[in-house]
Amino acid sequence: MSSVSLSRSRPWDVHRLPSAEGRNVLVTGGNAGIGYFVAEQLAATGAVVVLGSRDSAKVDTAMPSIRARVPGARLLHLPLDLADLSSLRTAVDGLGLRHLDAVVHNAGVALDDPPRRETADGHELMFGTNHLGHFALTRWLAPLLSAAPAGRIVTVGSFAARSERLDLGDLQSTRDYRPKRTYGRSKLAQMCFGFALDRHLRAVGSTVLSVVAHPGGALDSLTPSRPPLRVTPPGERLRALPAGLLVQGKDAGAWPVVRAVLDAEVRGGQLWGPRVFGLRGTPRREPVPSHMTDAEVAAALWAASAEWADIDPDLGFR
């Protein structure tokens with residue numbers, strides 16, 4: 001048996017990740033939550049990890065935390081405000097890399113209470129940041145991703161998107177704003193775009209893949225401490241242990257995302273999530289719900305997004 005077939009048959013081990021030496025990966029929102037653990041785990045593979053964040057103070061806290069656990073970690077900060085669409089092209093121009101092997105579209109806003117809020121561009125805040133910001137960012141990253149041998153765009157979705165449906169007549173919740181539903185729909189928009197993007201990439205013969213992953217149920221109370229970034233008090237962790245039968249911490253929530261970035265077996269258009277009921281456990285490929293691949297819905301969402309973001313609908317992939 002060849003060494004290639006041996007490596008292909010070896011089970012994926014979240015604690016023994018393959019080397020990513022020489023690769024560059026951008027993680028939006030890599031300074032906190034799921035994004036932080038994605039960045040920490042990728043840094044351990046030898047990749048250059050770029051933390052995309054508008055909050056330099058949080059990045060200044062996250063970077064030493066990663067380096068404390070990954071000596072020699074190669075980290076960069078890209079100032080990035082996904083809620084300000086006009087700033088994204090300039091931000092990417094300042095990246096200073098010749099190629100980008102992967103981008104993880106992770107950053108997001110989740111609001112629990114009214115009132116409805118808007119970005120500086122006048123878009124509903126969650127839809128505008130979570131979906132439109134990443135849609136536009138993809139356009140400006142296209143040349144760097146295409147310059148890599150096998151670029152990947154990994155969109156971080158949410159379990160909350162499964163029960164939602166997009167209202168094409170009210171994508172930005174101007175008529176009926178309910179924060180939790182609007183959040184779920186913003187994540188659904190991201191996921192629909194992620195799958196539609198891969199279909200577009202295949203149609204134009206691009207070497208770039210688009211993959212969607214989600215963390216399942218990931219709670220702060222089950223997440224290991226990363227002081228001073230976050231400290232989980234022992235009492236809080238103890239009270240959350242029963243929930244650990246169904247959900248997990250954000251460190252484990254990062255596993256499907258990291259696999260979607262690194263695994264050579266991953267293909268475009270796939271969905272990756274936790275093994276146990278899609279809520280916890282090691283990462284596995286999941287069936288893609290049909291409402292996330294509806295071609296008519298995706299086309300309408302794509303057209304509206306390109307118009308609102310004022311960018312070329314081809315997103316730079318031709």
Side-chain angles (χ1 to χ4, degrees), residues 17 20-21 23-111 119-120 125-126 128-130 132-134 136-138 140-141 144-145 152-156 190 213 215 218 220 223-232 249-251 253-255 257-258 260-262:
L17 299 173
E21 198 81 30
R23 297 191 202 173
N24 303 318
V25 184
L26 167 62
V27 182
T28 70
N31 56 281
I34 298 291
Y36 168 85
F37 286 99
V38 170
E40 182 183 284
Q41 291 167 29
L42 289 173
T45 69
V48 173
V49 181
V50 184
L51 308 185
S53 172
R54 64 178 180 174
D55 193 329
S56 58
K58 289 184 178 179
V59 172
D60 288 343
T61 302
M63 281 186 170
S65 178
I66 293 174
R67 289 193 173 107
R69 288 158 185 82
V70 185
R74 292 184 289 174
L75 305 171
L76 300 172
H77 173 214
L78 178 67
L80 192 67
D81 185 355
L82 292 166
D84 182 359
L85 299 179
S86 63
S87 71
L88 298 179
R89 183 175 188 174
T90 302
V92 170
D93 286 345
L95 196 50
L97 299 174
R98 293 185 177 180
H99 71 274
L100 188 66
D101 296 275
V103 57
V104 178
H105 287 334
N106 162 80
V109 175
L111 302 179
T119 68
L125 185 61
M126 289 184 278
T129 304
N130 303 354
L132 279 184
H134 285 117
L137 181 63
T138 301
W140 305 122
L141 291 176
L144 291 174
L145 290 161
R152 291 190 189 185
I153 299 162
V154 178
T155 296
V156 180
Q190 278 192 272
D220 281 328
T223 301
S225 292
R226 290 293 187 267
L229 194 68
R230 174 179 165 76
V231 176
T232 307
K250 292 187 174 180
D251 56 326
W255 291 344
V257 182
V258 170
V261 171
L262 295 177

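Within 6.0 Å of CZ on R69 lie more than 12 heavy atoms contributed by other residues, nucleotides or ligands. Atom CZ of R54 has 12 or fewer neighbouring heavy atoms from other residues, nucleotides or ligands inside a 6.0 Å radius.
Without hydrogens or angle criteria, T129 side chain to M126 main chain gives no donor-acceptor distance under 3.5 Å. The backbone N or O of A57 lies less than 3.5 Å from a partner atom in the side chain of T61, making a donor-acceptor pair. Judged by distance alone, the side chain of S225 and the main-chain N or O of P227 form no donor-acceptor pair under 3.5 Å. When atom types are taken as modelled, the side chain of Q190 and the backbone of L132 share no donor-acceptor pair closer than 3.5 angstrom. Between the side chain of N130 and the backbone N or O of V109 there is at least one donor-acceptor pair closer than 3.5 Å. The backbone N or O of L125 sits nowhere less than 3.5 Å from a side-chain atom of T119 that would complete a donor-acceptor pair. R152 places a side-chain N or O within 3.5 Å of a backbone atom of A260 that can act as its donor or acceptor partner. Not one N or O on the side chain of D251 forms a donor-acceptor pair closer than 3.5 Å with the backbone of F37. At least one donor-acceptor pair closer than 3.5 Å links the side chain of R74 to the backbone N or O of G46.
Partner of V38 under the side-chain contact (heavy atoms from CB on, under 4.5 Å) criterion, chosen from V154, V49, V258: V258.
Under 3.5 Å, the side chains of T28 and H134 contain a donor-acceptor pair of N or O atoms.
In terms of heavy-atom proximity, V27 sits nearest to G35 at CG1-O, 3.8 Å. Summarising the geometry of A218 relative to G249, their closest heavy-atom pair is CB-O, 3.9 Å, with the distance given to 0.1 Å. The minimum heavy-atom distance linking A47 with V25 is given by the pair CB-CG2, 4.4 Å. The shortest non-hydrogen separation linking L76 to L97 is CD1-CD2, 4.4 Å.
T155 pairs by the side-chain hydrogen bond (donor to acceptor under 3.5 Å, both in side chains) definition with nothing, not counting sequence neighbours.
For the pair V104 and V261, the minimum side-chain heavy-atom distance is below 4.5 Å. Residues V156 and P215 have side chains in contact (heavy-atom distance under 4.5 Å, counting atoms from C-beta outward). Side-chain contact between K58 and L51: absent, with no pair of heavy atoms (C-beta onward) separated by less than 4.5 Å. Residues L137 and V92 form a side-chain contact, since some pair of their non-hydrogen atoms from C-beta on lies under 4.5 Å apart. You'll find the side chain of I153 reaches within 4.5 Å of the side chain of T138, heavy atoms only. The closest side-chain heavy-atom distance from H77 to D60 is not below 4.5 Å. At a threshold of 4.5 Å between non-hydrogen side-chain atoms, the residues Q41 and W255 count as touching.
Using a 4.0 Å cut-off between a side-chain N of Lys or Arg and a carboxylate O of Asp or Glu, K250 and D220 qualify as a salt bridge. Using a 4.0 Å cut-off between a side-chain N of Lys or Arg and a carboxylate O of Asp or Glu, R67 and E40 do not qualify as a salt bridge.
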